[in-house]
Protein chains: 2
Amino acid sequence: MNRPTDERNETATKILEAADELLVEGGIDGLSSRAVATRAGVNNALVFYYFGSKQGLVERVIERYYQRHVAALESATDAMTGDLRARLHAMVDAYVDFMEAHRRFPRLVQSLAASGPAFHELIGHHMAPLYRWVERALEGVAPKTGPLAAGQLYVTVSGVVTSWYSQAPLLAALWDKDPEGPEAGAERRAHVHWLVDAMYEKLVADARTASRDDARRTLAEREGG
Amino acid sequence: MNRPTDERNETATKILEAADELLVEGGIDGLSSRAVATRAGVNNALVFYYFGSKQGLVERVIERYYQRHVAALESATDAMTGDLRARLHAMVDAYVDFMEAHRRFPRLVQSLAASGPAFHELIGHHMAPLYRWVERALEGVAPKTGPLAAGQLYVTVSGVVTSWYSQAPLLAALWDKDPEGPEAGAERRAHVHWLVDAMYEKLVADARTASRDDARRTLAEREGG
DNA sequence: AAGTGCTTTTAGCAAGTGCTTAAATTCCCC
DNA sequence: GGGGAATTTAAGCACTTGCTAAAAGCACTT
C-alpha cells in the first residue's frame, strides 16, 4: 500500500480526479469503486492497489483540497496590506475565491461531515490550521471568550460562505436569477463583504461603548471615594 | 400504498421514528430498511407496505419535521409584539428554539441536500413557505434586490444557525468547552442575536446615509436649476 | 534467456441492498 | 362463528457493494 499516489503517478491521479468528480454527485455512499475505475478508464482493482480502501481514496481527495486551500490562504495572507478592515475584506475574498474556484469542495466537506462521524476527525484535523489562522487574524479585534470570540466568528463566516453552496441549488425554484450563475455569485460576495463590515462596525462600536462605560464607572468611583 | 401513515397508525409511527433516529447516523445511504425494521421491532416488509419505498419513507420523515417547523414559526409569529428589533430577535429565537429542540433536523436536511439532487426539489418545496415568511417579515427593512435583499439575508441567517449544528461536532477537538453542550448552545444563541443586531444596525445606518445623500443630491439639483 | 519487481487484469467471494410475492395471521362486521 | 379485508410474516430474487487472491503482462538488469 506504499504506492506513490501523488501527481507523479499518472494512474493514481486519474483515479483521484475521477473520484473527485463523482463524489459530489452522491457523496461517499453514492461512490462505488467500479464507477471510479470506469470513469478513470482503469481496472477496478487498481483503486485498491493504489489507495488501499475506498475510505483511503476519499481521504486523499479531501487532503488534496485542503492542501490547496491552505496554500491559497497563505499566499493571500502574505499579500495583505492596509488597515484592518481592508485586511478582513482581503481574507474573505481569498476564502470566497477558493470556494468559487472549487465549488465541489464545500459540498464535499458538508457531505462527508453529514455522513456520520467517520470523517469528523479527519475534517477537524484539516480544519484546525484554518481555524487557528482566523483566530490569529482576529487577535485584538475579538474577545478571548464569549459570544464574540473568534470561534463564534469563525463558525459564522465559514457558515455564511459555505452554506451558500449547499443552499444555492435549493433556491433555484425560488429565485428569478440562477443562484448558481456568476451574477448571483457576485451578489453573494458583496453580501458577505457587507456582513463583515456590519460585524466589524458593531465590534468597534461595542468596544467604544464599553470603554465609555468603564470611564463613567471609574469616574463614579472617584466621586464616591 | 394508501395506508394511513400518520400518528393514528402505531406501526407506521414506530417505523417513522426508527428511521428518524437512524437517518442522522448515516444519511439516507447509511439507512437500510432492515435496520429500520429491527429498530422499530417490526418486519422488514412492513416498511414497504406502509411507505412504498425507502425514498417514500425518508420523504415522510422530513415532511413531519417541516410540518412542525412551520407550526412552530407560525405560533411564534402570532405572539410577536414590540418594535422591529424585538420582533427580529423573537423570530431568530423561534428559529433557534426549533433547531435546539430538533437537533437532528438541520443535520438531516444538510445530509439529504448533500446526497445529490434527488432531494433538492423536495427540500426546496418545503423551504419555500419559510423563505416567503422571512421575505414578508423583512419587507420595508431590506431592499427588493441586490446584496441586501431578503434572499441573501435568508441564506445568511439560516446558514449561520444551521451550520452551527454541522460544525459543532468538528470543533470538539479545537474547543475547551463541549460545542454540543448547553453552555456552547447559549453562547451561540447570544452570538446570533448580536449578529442580527449588527445587520439591523448597519441596515438602518445605510438607509440614513442614503437618504442624506439623496437630500444632498436634491439640494444640488435645485441649486443648479 | 532467465530472473526481478512493479503494474494491471481476471474472476470471484461474502455480505448487504431494495423490494416483491405469497402465505399466514389478525381484525372486525354480519 | 363465517367471511372478507387489513395487517403481518417468511422467504427469496436480482443486484450492487468493498475487497481479495492469483495469475498475467510489462520493462528491466544480468
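Lettering of chains follows the sequences in order, A, B, ..., and the numbering in each one begins at 1. The basis for the numbers below is simple: all heavy atoms, side chains too, and nothing from hydrogens, waters or symmetry mates.
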If I take atom CG in residue A:Asn44 and atom P in nucleotide D:dT16, what distance separates them, rounded to the nearest angstrom?
14 Å

Hey, are A:Gln167 and B:Ser158 close enough side-chain-wise for a donor-acceptor pair under 3.5 Å?
yes

Taking a pair as Watson-Crick or G-U wobble with both distances under 3.5 Å, which nucleotide is matched to D:dT29?
C:dA2

Go through D:dT7, D:dC19, C:dG18 for me and flag the one nearest to the B:Lys54 side chain.
C:dG18

From CD of A:Gln55 over to C1' of D:dC19, roughly how many Å is that when rounded to an integer?
14 Å

Report the distance from atom CG of B:Leu46 to atom C1' of C:dT20, rounded to the nearest whole Å.
14 Å

Considering only side-chain heavy atoms of A:Ala45, which listed nucleotide, C:dT8, C:dT9, D:dT8, is closest?
C:dT9

Which part of the nucleic acid does B:Leu57 contact within heavy-atom distance under 4.0 Å: base, sugar-phosphate only, or nothing?
nothing

Rounded at 0.5 Å granularity, tell me how far OG in B:Ser115 sits from CZ in A:Arg107.
13.0 Å

Which value, rounded to the nearest 0.5 Å, describes the distance between A:Leu130 atom CG and A:Tyr66 atom OH?
7.0 Å

Any A:Thr11 side-chain nitrogen or oxygen under 4.0 Å from OP1 or OP2 of C:dT8
yes

Let's see if you can work this out: which of D:dA10, D:dT17, C:dT9 has an atom nearest to the side-chain heavy atoms of A:Asn43?
C:dT9

Nearest-neighbour nucleotide for the B:Arg34 side chain, D:dC19, D:dT17, D:dC13 considered:
D:dC13

In whole Å, what is the span from the CG atom of B:Asp29 to the P atom of C:dG18?
9 Å

Could you state the atom-to-atom distance from CZ of B:Phe48 to P of C:dG18 in whole Å?
6 Å

Here the distance between atom P of C:dG18 and atom CD of B:Glu59, to the nearest Å, is 15 Å

Would A:Trp133 and A:Tyr154 count as having a side-chain donor-acceptor pair, cut-off 3.5 Å?
no

Starting from P on D:dT17, measure out to CD1 on A:Ile28 and report it in whole angstrom.
14 Å

To the nearest Å, how far apart are A:Lys14 NZ and C:dT8 P?
8 Å

Think A:Ser33 has a side-chain N or O under 4.0 angstrom from the OP1 or OP2 of D:dG18?
yes

Ignoring the backbone of B:Tyr49, work out which of C:dG18, D:dT7, C:dT8 is nearest its side chain.
D:dT7

Looking only at side-chain N and O atoms, does A:Tyr165 offer a donor or acceptor that is under 3.5 Å from a partner on A:Glu100?
yes

